[in-house]
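Count residues from 1 along the sequence.
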Amino acid sequence: MPQPFRFARLGGGDAKLIASLRMLLGPVGILILCFGMSVFGGVLSLVAMLRGQRDYAYVPAITAGFVWYVGVVSVV
């Protein structure tokens with residue numbers, strides 16, 4: 001299995017959190033979660049870029065994506 005943190009884009013904790021959410025949510029749920037994570041991660045990266053940061057924590061984007069996922073699933 002490829003290791004996402006091997007390419008220095010995600011830390012080991014981020015990769016483990018996403019893997020555990022994958023087991024919790026299933027194949028369709030992880031797609032919804034990944035979409036939310038990418039949207040919030042994009043906003044997070046724009047904020048980091050405006051602040052002049054090169055590295056930033058991705059856990060807030062993962063958390064926001066999960067909260068968004070729970071909101072989407074509870075509405076449907």
Engineer: Can you name the one residue among Val67, Leu33, Leu21 that meets side chain to side chain contact (heavy atoms under 4.5 Å, CB included) with Ile62?
Structural biologist: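 Answer to the side chain to side chain contact (heavy atoms under 4.5 Å, CB included) test with Ile62 among Val67, Leu33, Leu21: Leu21.
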
Engineer: How close do Phe35 and Ser38 get, counting heavy atoms only, and between which atoms?
Structural biologist: O-OG, 2.7 Å

Engineer: According to a hydrophobic-cluster definition based on side-chain heavy atoms being under 4.5 Å apart (Ile, Leu, Val, Met, Phe, Trp, Tyr only), do Ile18 and Val39 belong together?
Structural biologist: yes

Engineer: If hydrophobic residues (ILVMFWY) are linked whenever their side-chain heavy atoms come closer than 4.5 Å, directly or via other members, who joins Met49 in its cluster?
Structural biologist: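 Leu46, listed by chain and number.
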
Engineer: So which heavy atom on Ser45 is nearest to which on Tyr56, and how close?
Structural biologist: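 In terms of heavy atoms, the two residues are closest at CB-OH, 3.2 Å.
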
Engineer: Are Val70 and Ile30 grouped together when hydrophobic residues (ILVMFWY) are joined by side-chain heavy atoms under 4.5 angstrom apart?
Structural biologist: yes

Engineer: Rounded to the nearest 0.5 Å, what separates atom CG in Leu25 from atom CD1 in Ile32?
Structural biologist: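 If I round to the nearest 0.5 Å, the distance is 8.5 Å.
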
Engineer: Got a donor-acceptor contact below 3.5 angstrom from the Tyr58 side chain to the Met37 backbone?
Structural biologist: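 Looks like yes, one N/O pair under 3.5 Å.
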
Engineer: When rounded to the nearest 0.5 angstrom, what distance separates CG in Leu24 from CZ in Phe66?
Structural biologist: 6.0 Å

Engineer: Do you know which two heavy atoms are closest between Leu44 and Ala61, and how far apart they sit?
Structural biologist: CD2-CB, 4.2 Å

